[in-house]
Amino acid sequence: MRTPLIAGNFKMFKTVPETVAYLIELRALVRDVHGVDIVVAPPFTAIHAAAAVVRDSNIAIGAQNLHWEREGAFTGEVSAPMLFVAGARVVIVGHSERRTLFGETNESVNKKMHAAIVAGLVPIVCIGETLEQRTRHETLAVLDRQIKEGLDGLTGAQLAGIVLAYEPVWAIGTGQNATPAQAGEAHFHIRQRLKQWFGLEASDRCRVLYGGSVKPDNIGTLMAAPDVDGALVGGASLDPKAFLAIIRGAAI
Ligand code: PGA
């Protein structure tokens, strides 16, 4: 049985004081919530302060990106050990905005994922097709390539500890979420591939989240789709009460 996971991706929203105020409120709101793991990923600048607010609570702090080297002359980049020491325990890798706006590839995603694991961070590796790819009926082939190349070199034991997020690009920030049937089809396919490539035991333990316009009013039906183990939430995570409703909707 996989514990559901709800991860909030703040993207480029919230200053340090705004993040701290949000987490003070969220911490109190989720104090008695069980049966779900909770992650909040603020911008880099707020990670350290955020980690202090959630210490000894049921909320973990995530980052939204990382560089694969430990250190070096890479102006503007942040490494996995730096994130860990700042208090992050999770990191989002290969979000579609990074792939489309910042040129990330399956190869860079793969390097980042391995660097995260070495540093003790849980990577949430994002995959998903664009609208164009879906229209051309390439969805499952795109997912196969993203999984094969993105997870290259991963052992079964490592797979069990990472998280995947299926995020159809056309559903992100558009208000047009995938139907439970569309999400279910993709998640079923992903689980089959993980079984095939990493074995039954490891694939059974790897959580696969859905992402793309998840809101309090659709989390219930999305979670009911087989093989959906939680959600990666953008816009609706910015309001603690809406995020609480999503967290509650996923708890078992
Ligand atoms: P959204 O973003 O919930 O605002 O659609 C999801 C994501 O980008 O992870």
Side-chain angles (χ1 to χ4, degrees), residues 4-14 18-19 22 26 36-44 46-47 50 59-66 88 90-104 108-109 112-113 116 121-131 133-134 139 142-143 146-147 150 162-180 182-183 186-187 190 207-223 225 228-250:
L5 168 65
I6 297 293
N9 171 13
F10 280 4
K11 309 193 177 185
M12 200 170 73
F13 290 97
K14 294 196 192 289
E18 287 166 352
T19 303
Y22 171 101
L26 185 69
V36 56
D37 291 341
I38 305 166
V39 172
V40 171
F44 286 140
I47 287 174
I59 304 169
I61 297 301
Q64 300 172 20
N65 185 29
L66 76 162
V90 177
V91 60
I92 299 167
V93 178
H95 188 279
S96 71
E97 285 150 19
R98 301 240 28 112
R99 291 177 189 258
T100 57
L101 302 173
F102 301 99
E104 292 210 14
S108 62
V109 166
K112 290 180 177 200
M113 176 198 67
L121 296 167
V122 173
I124 299 179
V125 179
C126 302
I127 58 177
E129 81 288 359
T130 62
L131 185 57
Q133 290 164 333
R134 175 163 283 269
T139 299
V142 167
L143 295 177
Q146 289 173 331
I147 296 169
I162 76 161
V163 177
L164 289 183
Y166 168 62
E167 297 206 303
V169 179
W170 46 271
I172 294 177
T174 58
Q176 190 198 346
N177 64 294
T179 64
Q182 287 170 323
H187 280 249
I190 293 164
R207 288 181 286 192
V208 183
L209 312 182
Y210 169 79
S213 297
V214 174
K215 308 281 180 226
D217 62 1
N218 61 26
I219 184 67
T221 43
L222 287 165
M223 288 301 297
V228 174
D229 301 317
L232 180 55
V233 187
S237 73
L238 294 170
D239 172 60
K241 293 196 179 66
F243 196 45
L244 170 70
I246 293 172
I247 292 165
R248 282 196 192 285

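Whatever order the structure lists ligands and atoms in, that order sets their numbers, starting from 1.
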Notebook entry, point to check: Would you say the side chains of Asn65 and Lys112 form a donor-acceptor pair under 3.5 Å?
Noted result: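 Yes, side-chain donor-acceptor contact under 3.5 Å.
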Item checked: salt bridge (charged side-chain N to carboxylate O under 4.0 Å, His left out) partners for Arg134, two or more places apart ->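 Only Glu129 meet the salt bridge (charged side-chain N to carboxylate O under 4.0 Å, His left out) criterion with Arg134.
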Notebook entry, point to check: With only distance considered, is Lys11 within less than 3.5 Å of ligand 1 through an N or O on each side?
Noted result: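 Yes: some nitrogen or oxygen of Lys11 is under 3.5 Å from one in ligand 1.
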For [atom], which protein heavy atom lies nearest, and how many Å away is it?
| atom | answer |
| --- | --- |
| atom 9 (O) of ligand 1 | Glu167 OE2, 2.6 Å |
| atom 4 (O) of ligand 1 | Gly235 N, 2.8 Å |
| atom 6 (C) of ligand 1 | Gly234 N, 3.5 Å |
| atom 8 (O) of ligand 1 | His95 NE2, 2.6 Å |

Next item on the list: Can you sort out which atoms of ligand 1 are near Ala171, meaning under 4.0 Å from one of its heavy atoms?
Entry: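 Listed by number with element: 5 (O).
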Next item on the list: Any atoms of ligand 1 less than 4.0 Å from a non-hydrogen atom of Gly212? List them with their elements.
Entry: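 Per the distance check, 5 (O).
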Notebook entry, point to check: For the residue pair Ile219 and Ile246, what are the closest heavy atoms and their distance?
Noted result: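 Heavy atoms only, the tightest pair is CG1-O, 3.8 Å.
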Note to self: I'd like to know if Gly173 contacts ligand 1, where contact means a heavy-atom distance under 4.0 Å to any ligand atom.
What the structure shows: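 A heavy atom of Gly173 does come that close to ligand 1.
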Check: Is the cationic atom of Lys11 (NZ for Lys, CZ for Arg) positioned less than 6.0 Å from the six-membered ring centroid of Phe13 and within 45 degrees of its normal?
Finding: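 Geometry flag: not set, cation outside 6.0 Å or 45°.
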Checklist line | Atom CZ of Arg98 with >12 non-hydrogen neighbours under 6.0 angstrom | finding: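 Enclosed: over 12 neighbouring heavy atoms sit under 6.0 Å from CZ of Arg98.
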Next item on the list: Could you tell me whether Cys126 approaches ligand 1 through its side chain, its backbone, both or neither, with non-hydrogen atoms closer than 4.0 Å?
Entry: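 For Cys126, there is no contact with ligand 1 at all, from either part.
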Next item on the list: Return the set of residues passing ring pair (Phe, Tyr, Trp, His ring centres under 6.0 Å) with Tyr166 (not counting sequence neighbours), or none when no residue passes.
Entry: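 Ring pair (Phe, Tyr, Trp, His ring centres under 6.0 Å) check on Tyr166 returns His187.
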Note to self: Is it the case that the side chain of Ser213 and the backbone of Ala171 share a donor-acceptor pair, with hydrogens and angles ignored and the cut-off at 3.5 Å?
What the structure shows: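 At least one qualifying donor-acceptor pair exists.
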